[in-house]
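To keep things clear, I will list the structure first and then write my remarks on it.
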Amino acid sequence: MLACTEMITMCLQSAKQKHLRAQQQQQPPHNAGQGLTIFHDIFRRADKNDDGKLSFEEFNTYFADGILTTEELQELFYSIDGQQNNNLDTDKLSEYFSQHLGEYLNVLSALESLNIAILKAMDKTKEVRIHQST
């Protein structure tokens, strides 16, 4: 569904947000659900009215990429929407996709860990430069 560069970009942004939240709380990032943060970010971006749910219109608009037809997207949407309430909770969507990631979950998790490590190293470099310039 997403091009590789888009997925990596989303992963970088996800890791950055996770790192910044952890810095604010002065706690290390939590490992539970690692690798899935990217999906939360994707679905948050697709949620145009920011209600924590995706309507079919939001789902279709965001995921229409020419690979799946509108009918196929509609079939997927309603197969995920077990309650048939025409809205998909973003947590439910993340759970659904996590069941289909297989080994890619390990890849996403490793990318998030790597990105967090890079951000920490960059922060340390920035601190050293600030201290050197004063």
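The shown structure was predicted, so the numbers you read here are calculated from the model rather than taken from an experiment.
A donor-acceptor contact shorter than 3.5 Å is absent between the side chain of Asn106 and the backbone of Ala110. Counting only distance, with no hydrogens or angles, the side chain of Ser79 and the backbone of Leu76 share a donor-acceptor pair below 3.5 Å.
Here the shortest heavy-atom pairing between Asp51 and Asn49 reads OD1-OD1, 3.0 Å. Contact detail for Leu68 and Asp65: the closest heavy-atom pair is N-OD1, 3.7 Å. When all heavy atoms of Asp47 and Lys53 are compared, the closest pair comes out as OD1-O, 3.0 Å. For the residue pair Lys48 and Glu58, the shortest heavy atom distance occurs at N-OE2, 3.1 Å.
More than 12 heavy atoms of other residues, nucleotides or ligands sit less than 6.0 Å from atom OH of Tyr78. Atom CD of Glu75 sits in a sparse spot, with 12 or fewer heavy atoms from other residues, nucleotides or ligands closer than 6.0 Å.
Leu93 is listed as a side-chain neighbour of Leu54, based on a closest heavy-atom distance under 4.5 Å.
One finds the CG atom of Leu101 at 11.0 Å from the OG atom of Ser109 (value rounded to the nearest 0.5 Å). Taking NZ from Lys120 and CG from Asn115, the interatomic distance works out to 12.5 Å, rounded to the nearest 0.5 Å. Residue Ile67 holds its CD1 atom at 10.5 Å from CD of Glu72, rounded to the nearest 0.5 Å. Note that the OG1 atom of Thr90 and the CG atom of Asp50 stand 9.5 Å from one another [nearest 0.5 Å]. If you take CD1 on Ile118 and CE on Met122, they are separated by 8.5 Å, rounding to the nearest 0.5 Å.
Ring geometry, Phe56 versus Phe77: the interplanar angle exceeds 60°, so the pair is classed perpendicular (tilted spans 30 to 60°).
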* Asked: Should Thr70 and Asn60 be marked as a side-chain contact (heavy atoms from CB on, under 4.5 Å) after you check the CA-CA gap, both sets of side-chain angles, and the distance that decides it?
  -> CA-CA 7 Å; Thr70 300; Asn60 186 48; 4.0 Å; yes

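Remark: aromatic rings of Phe43 and Tyr62 are distant, center separation not under 6.0 Å.
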